[in-house]
Q: 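Would you mind keeping the following structure in view while I ask a few things?
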Amino acid sequence: MSETAKAIQDLSKTGDELYGKVCKVTAVDIESKTCDLEPVDGTGELFDVPWSPDTEEDGMLLQPKEGSMVLVVFIDKHHAQICNVSELDKMHLTIGTVEFKVDASGFMLKKENENLKLLMGDLLTAIKAMKFTTNAGPTIALINLADFEALEPRFDNLLKDV
């Protein structure tokens with residue numbers, strides 16, 4: 001290493017080393033996107049540790065489950081960030097106008113004003129209302145209507161609209 005590179009490296013040292021700890025989540029604050037944590041090594045409890053590097057924007061948010069284990073990286077003595085989670089309560093991903101949310105009740109996929117659950121509901125409604133013209137005139141009933149009606153609660157159970 002050159003003398004100049006070594007001098008720059010020495011000047012940039014702050015005395016703080018980047019390190020990580022495994023911790024148990026003791027509390028989750030959804031509004032501030034932070035957690036209170038108990039390190040498994042027995043050191044002092046950590047408060048208000050963010051689970052997202054930018055708590056104002058969405059991007060990808062992994063909301064830790066209370067009681068789960070997380071990996072915390074310390075940027076310096078006073079600032080930490082959750083960087084990995086063993087169990088989630090919710091995941092929320094936003095890329096441009098596309099939004100994807102997952103929790104224990106199902107998932108929601110949305111692009112702009114279009115939502116997968118509502119789209120599937122509209123599709124099933126249109127299928128159930130289908131009528132066809134035959135040589136003897138229009139049909140009066142969809143023969144397999146019950147099959148499509150049976151699909152509706154299955155989609156409702158899987159998909160969310162918010």
Side-chain angles (χ1 to χ4, degrees), residues 1 5-128 148-162:
M1 178 181 303
K6 184 160 177 29
I8 292 171
Q9 187 179 39
D10 289 341
L11 284 173
S12 67
K13 287 184 180 176
T14 62
D16 293 332
E17 295 295 324
L18 187 67
Y19 66 98
K21 286 187 181 217
V22 175
C23 301
K24 182 177 182 178
V25 177
T26 57
V28 176
D29 184 335
I30 295 167
E31 192 170 309
S32 68
K33 300 176 186 167
T34 62
C35 291
D36 293 345
L37 308 169
E38 184 181 298
V40 297
D41 65 5
T43 55
E45 195 170 356
L46 306 170
F47 300 99
D48 302 323
V49 178
W51 70 64
S52 171
D54 183 355
T55 57
E56 299 302 315
E57 297 295 322
D58 286 334
M60 177 178 249
L61 295 175
L62 303 175
Q63 181 184 321
K65 185 175 187 173
E66 192 169 319
S68 68
M69 304 304 279
V70 296
L71 178 61
V72 177
V73 172
F74 289 82
I75 300 154
D76 60 33
K77 293 178 189 176
H78 307 289
H79 298 93
Q81 170 72 52
I82 294 172
C83 67
N84 203 347
V85 180
S86 69
E87 292 180 71
L88 298 174
D89 265 339
K90 185 185 299 181
M91 186 204 71
H92 184 181
L93 173 65
T94 304
I95 302 172
T97 60
V98 177
E99 203 176 343
F100 181 65
K101 292 181 184 180
V102 181
D103 64 23
S105 66
F107 74 91
M108 184 272 305
L109 179 60
K110 179 179 176 183
K111 181 177 180 187
E112 296 168 355
N113 294 325
E114 205 60 76
N115 173 315
L116 184 58
K117 182 174 182 174
L118 298 174
L119 184 61
M120 292 306 299
D122 291 348
L123 175 64
L124 290 171
T125 298
I127 289 171
K128 293 186 309 185
F148 293 104
E149 288 174 339
L151 289 173
E152 284 179 299
R154 292 174 61 195
F155 278 115
D156 286 341
N157 188 43
L158 178 65
L159 300 172
K160 300 171 32 162
D161 51 6
V162 255

Q: With a 6.0 Å cut-off (strictly less than), is the heavy-atom count around NZ of Lys24, excluding the residue itself, greater than 12?
A: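 At most 12 heavy atoms, drawn from other residues, nucleotides or ligands, come within 6.0 Å of this atom.
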Q: Flag the pair Glu99 / His92 as yes when at least one side-chain heavy-atom distance between them is below 4.5 Å, and no otherwise.
A: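 Side-chain contact under 4.5 Å: yes.
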Q: Is Lys90 atom NZ crowded by more than 12 heavy atoms from other residues, nucleotides or ligands, each under 6.0 Å away?
A: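 No - once you tally the heavy atoms of other residues, nucleotides and ligands closer than 6.0 Å, there are 12 at most.
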Q: Any heavy-atom pair between the side chains of Val28 and Asp89 that's under 4.5 Å?
A: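 They are not in side-chain contact.
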Q: Kindly write out the residues that satisfy side-chain hydrogen bond (donor to acceptor under 3.5 Å, both in side chains) with Lys111, not counting sequence neighbours, or none if the list is empty.
A: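 Scan of Lys111 (side-chain hydrogen bond (donor to acceptor under 3.5 Å, both in side chains), adjacent residues dropped) gives none.
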Q: Give a yes or no on this: more than 12 heavy atoms of other residues, nucleotides or ligands lie within 6.0 Å of atom CG of Asn113.
A: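 Open.
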Q: Within a strict 4.5 Å, meaning less than it, do heavy atoms of the Thr34 and Val49 side chains meet?
A: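 Contact flag for Thr34/Val49 side chains = no.
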Q: Report the residues that fulfil side-chain hydrogen bond (donor to acceptor under 3.5 Å, both in side chains) with Thr26, sequence neighbours left out, ordered by chain and then residue number.
A: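 With neighbours one apart ignored, the set is Glu45.
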Q: Are any of the side-chain heavy atoms of Val40 and Met69 separated by less than 4.5 Å?
A: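 In contact.
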Q: Got Lys117 and Met108 here, is their nearest side-chain heavy-atom distance under 4.5 Å?
A: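 They are not in contact (no side-chain heavy atoms under 4.5 Å apart), so the answer is no.
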Q: Which of these, Leu37, Val25, Leu71, Leu46, sits in a side chain to side chain contact (heavy atoms under 4.5 Å, CB included) with Ile82?
A: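 With Ile82 as partner, side chain to side chain contact (heavy atoms under 4.5 Å, CB included) holds for just one option, Leu37.
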Q: Rounded to the nearest 0.5 Å, how far does CG of Leu62 lie from OG of Ser52?
A: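 These two atoms lie 9.0 Å from each other.
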Q: Val70 versus Cys35: any side-chain heavy-atom pair under 4.5 Å?
A: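 No, every pair of side-chain atoms sits at 4.5 Å or beyond.
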Q: Let me confirm one number: the CG-NZ distance from Asp41 to Lys21, rounded to the nearest 0.5 Å.
A: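 Answer for the CG-NZ pair, Asp41 versus Lys21, is 4.0 Å.
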Q: Only pairs under 3.5 Å count here: list side-chain donor-acceptor contacts from residues 155-162, not counting sequence neighbours, and write none if there are none.
A:
residue, atom, partner, partner atom, Å
Lys160, NZ, Asp103, OD1, 3.3
Lys160, NZ, Asp103, OD2, 2.7

Q: Parallel, tilted or perpendicular for Tyr19 and Phe74, by the 30°/60° rule?
A: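 Tyr19 vs Phe74 ring planes: parallel.
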Q: When you measure from the side chain of Gln63 to the backbone N and O of Leu88, does any donor-acceptor pair fall under 3.5 Å?
A: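 Flag not set: sc Gln63 to bb Leu88 has no pair under 3.5 Å.
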Q: Side chains of Phe107 and Met91: closer than 4.5 Å at any heavy-atom pair?
A: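 Result no, sub-4.5 Å side-chain heavy-atom pair not found.
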Q: Around Ile127, counting heavy atoms of other residues, nucleotides and ligands shown, do more than 12 lie under 6.0 Å from its CD1?
A: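 Count over threshold, so yes.
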Q: Using every non-hydrogen atom in the two residues, find where Ser86 and Ser68 come nearest and quote the distance to one decimal.
A: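 So the minimum-distance heavy-atom pair works out to OG-CB, 3.5 Å.
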Q: Rounded to the nearest 0.5 Å, what separation is found between the CG atom of Asn115 and the NZ atom of Lys110?
A: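 NZ of Lys110 is found 7.0 Å from CG of Asn115.
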Q: Between the side chain of Asp36 and the main-chain N/O of Asp48, is any donor-acceptor distance below 3.5 Å?
A: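 Checked: pair present.
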Q: With a 4.5 Å heavy-atom cut-off, do Leu61 and Trp51 have their side chains touching?
A: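 Contact flag for Leu61/Trp51 side chains = yes.
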